[in-house]
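Convention: sequence-line order gives letters A, B, ...; per-chain numbering from 1.
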2 protein chains.
Amino acid sequence: MNISQAAKASGLSPKTIRYYERIELIGPASRGENGYRDYNTKDLDVLRFVQRARATGFSVEECRQLLSLYQNPERHSSEVKSLVQGKLKRVEAQIVELNHMRDTLQDLVQRCPGNEVAQCAIIDNLADQETC
Amino acid sequence: MNISQAAKASGLSPKTIRYYERIELIGPASRGENGYRDYNTKDLDVLRFVQRARATGFSVEECRQLLSLYQNPERHSSEVKSLVQGKLKRVEAQIVELNHMRDTLQDLVQRCPGNEVAQCAIIDNLADQETC
DNA sequence: GATAGACCTTACACCTACTGGAAGGTCAAC
DNA sequence: GTTGACCTTCCAGTAGGTGTAAGGTCTATC
């Protein structure tokens with residue numbers, strides 16, 4: 001199975017697969033006589049694992065750790081859990097920040113007339129926090 | 001007022017101010033005889049404006065537009081409002097995505113025993129969406 | 001006058017997680 | 001034998017800065 005088939009089957013792009021190989025997130029693919037990369041079902045499992053972990057929100061470095069746990073039969077599930085708990089905390093913090101941002105934006109939108117006049121609460125607010 | 005004082009007064013770092021000048025988000029600072037950048041209160045207003053807009057979540061390109069509206073007395077508040085409404089929509093979409101991510105992570109954490117056993121719902125889930 | 005330390009300048013490299021494009025080799029079909 | 005769709009590598013660019021180096025300048029102290 002060559003790279004574009006592996007890409008389709010895993011949900012990654014060929015470019016991304018090559019990139020993952022280059023940064024050694026995944027091992028080097030075996031090569032056919034023509035130098036083309038060749039993937040088997042085990043390789044595909046790894047590609048899918050990474051695709052899902054990325055889609056779930058893990059960074060490439062976190063995927064590296066998850067992958068090493070995935071491939072280690074001696075792992076303890078506690079290690080996996082603490083990794084995911086850490087990620088959860090960071091995601092929750094990001095949500096709090098974005099919610100705050102949304103509230104600010106909503107407030108700005110409500111206080112701006114949105115007509116042909118130049119005076120505008122949004123500009124005023126960004127220009128001078130005090131007049132808020 | 002030289003760059004580090006302007007930095008302190010605006011909440012940006014000197015590096016960031018130089019960066020903003022380099023990408024022409026802000027105009028070139030005037031220079032003293034020694035070649036040092038020199039900021040007046042008007043410059044400071046612009047720096048503060050940008051700092052607040054960035055902190056509110058606007059991208060540098062969005063800041064560029066906001067700044068040009070800020071500096072244009074002929075502006076219509078409707079232009080400002082639609083810019084901010086667009087941003088609000090994007091932020092809300094991001095929140096939805098992060099909430100989904102958080103739910104997934106919470107579910108994974110709950111279903112992982114977190115002990116010395118290797119078997120773990122997180123790894124299983126990432127390895128094979130079907131066994132989820 | 002010399003020197004130390006804190007500033008300033010520019011320029012280049014690095015970060016994340018890819019993506020686009022160029023230049024060239026290979027394969028399958030017609 | 002040629003076309004088009006693959007494949008290969010490598011380099012550059014994206015956003016929004018930060019780190020570091022090499023060098024100039026300012027101020028204070030000895």
- Criterion salt bridge (charged side-chain N to carboxylate O under 4.0 Å, His left out) on Arg102(B) and Glu92(A), from CA distance to verdict: CA-CA 7 Å; Arg102(B) 182 201 51 198; Glu92(A) 281 169 343; 5.3 Å; no
- Task: Mind running salt bridge (charged side-chain N to carboxylate O under 4.0 Å, His left out) on Glu62(B) and Arg54(B) for me, showing each step along the way?
- Result: CA-CA 9 Å; Glu62(B) 287 161 342; Arg54(B) 290 285 299 129; over 6 Å; no
- Does any non-hydrogen side-chain atom of Pro14(A) lie less than 4.5 Å from one of Arg18(A)? yes
- Item | side-chain hydrogen bond (donor to acceptor under 3.5 Å, both in side chains) contacts touching residues 33-51 of chain A (sequence neighbours left out) | Glu21(A)-Arg37(A)
- Query: Which whole-number value in Å describes the distance from Asn2(A) CG to dA28(C) C1'?
  - Reply: 13 Å
- Message: Please check: side-chain N/O of Thr16(B) versus main-chain N/O of Leu12(B), any donor-acceptor pairing under 3.5 Å?
- Response: no
- Message: Closer than 3.5 angstrom, by distance alone: can the side chain of Glu97(B) be matched with the main-chain N or O of Gln94(B) as a donor-acceptor pair?
- Response: no
- Please identify each residue that fulfils side chain to side chain contact (heavy atoms under 4.5 Å, CB included) with Asn2(A), with sequence neighbours left out. Ser4(A), Gln5(A)
- Query: How would you give the extent of chain B contacts on DNA chain D, as first and last nucleotide 5' to 3' within a 4.0 Å heavy-atom cut-off?
  - Reply: dG16(D) to dC26(D)
- Taking the side chain as every heavy atom from C-beta outward, state whether Ile17(A) and Ser10(A) have any pair of such atoms under 4.5 Å apart. yes
- Query: Taking only residues two or more places apart in sequence or in another chain, which ones pass side chain to side chain contact (heavy atoms under 4.5 Å, CB included) with Ala121(A)?
  - Reply: Arg111(A)
- Item | Within-4.5 Å side-chain heavy-atom neighbours: Leu25(B) and Cys63(B) | yes
- Determine which pairs satisfy ring pair (Phe, Tyr, Trp, His ring centres under 6.0 Å) with at least one residue from residues 49-78 of chain B, sequence neighbours left out, and list them in order. Phe49(B)-Tyr70(B)
- Message: Considering only residues two or more places apart or on different chains, which pairs with a residue in residues 114-123 of chain A satisfy side-chain hydrogen bond (donor to acceptor under 3.5 Å, both in side chains)?
- Response: Asn115(A)-Ser77(B), Gln119(A)-Asp124(A)
- Query: Can you list the residues that meet the side chain to side chain contact (heavy atoms under 4.5 Å, CB included) rule with Leu69(A), with sequence neighbours excluded?
  - Reply: Arg75(A), Glu79(A), Val80(A), Leu83(A), Ile123(B)
- Note on the structure: Sorted by number, residues from residues 29-37 of chain A placing a heavy atom under 4.0 Å from DNA chain C are Asn34(A), Tyr36(A)
- Note on the structure: Closest heavy-atom pair, Leu98(B) versus Val91(A), reported as atoms and distance to 0.1 Å, is O-CG1, 3.8 Å
- Only counting residues at least two apart or in another chain, list the ones meeting side-chain hydrogen bond (donor to acceptor under 3.5 Å, both in side chains) with Asp103(B). none
- Query: Which angle, to the nearest 10 degrees, lies between the helix axes at the two ends of the helix from dG1(C)-dC30(D) to dC30(C)-dG1(D), each defined by five pairs?
  - Reply: 30°
- May I ask you to list the residues of residues 4-27 of chain B, by number, that have any heavy atom positioned under 4.0 Å from an atom of DNA chain C? Ser4(B), Lys15(B), Arg18(B)
- Query: Does any residue of residues 84-105 of chain B have a heavy atom under 4.0 Å from DNA chain D, and if so, which ones, in number order?
  - Reply: none
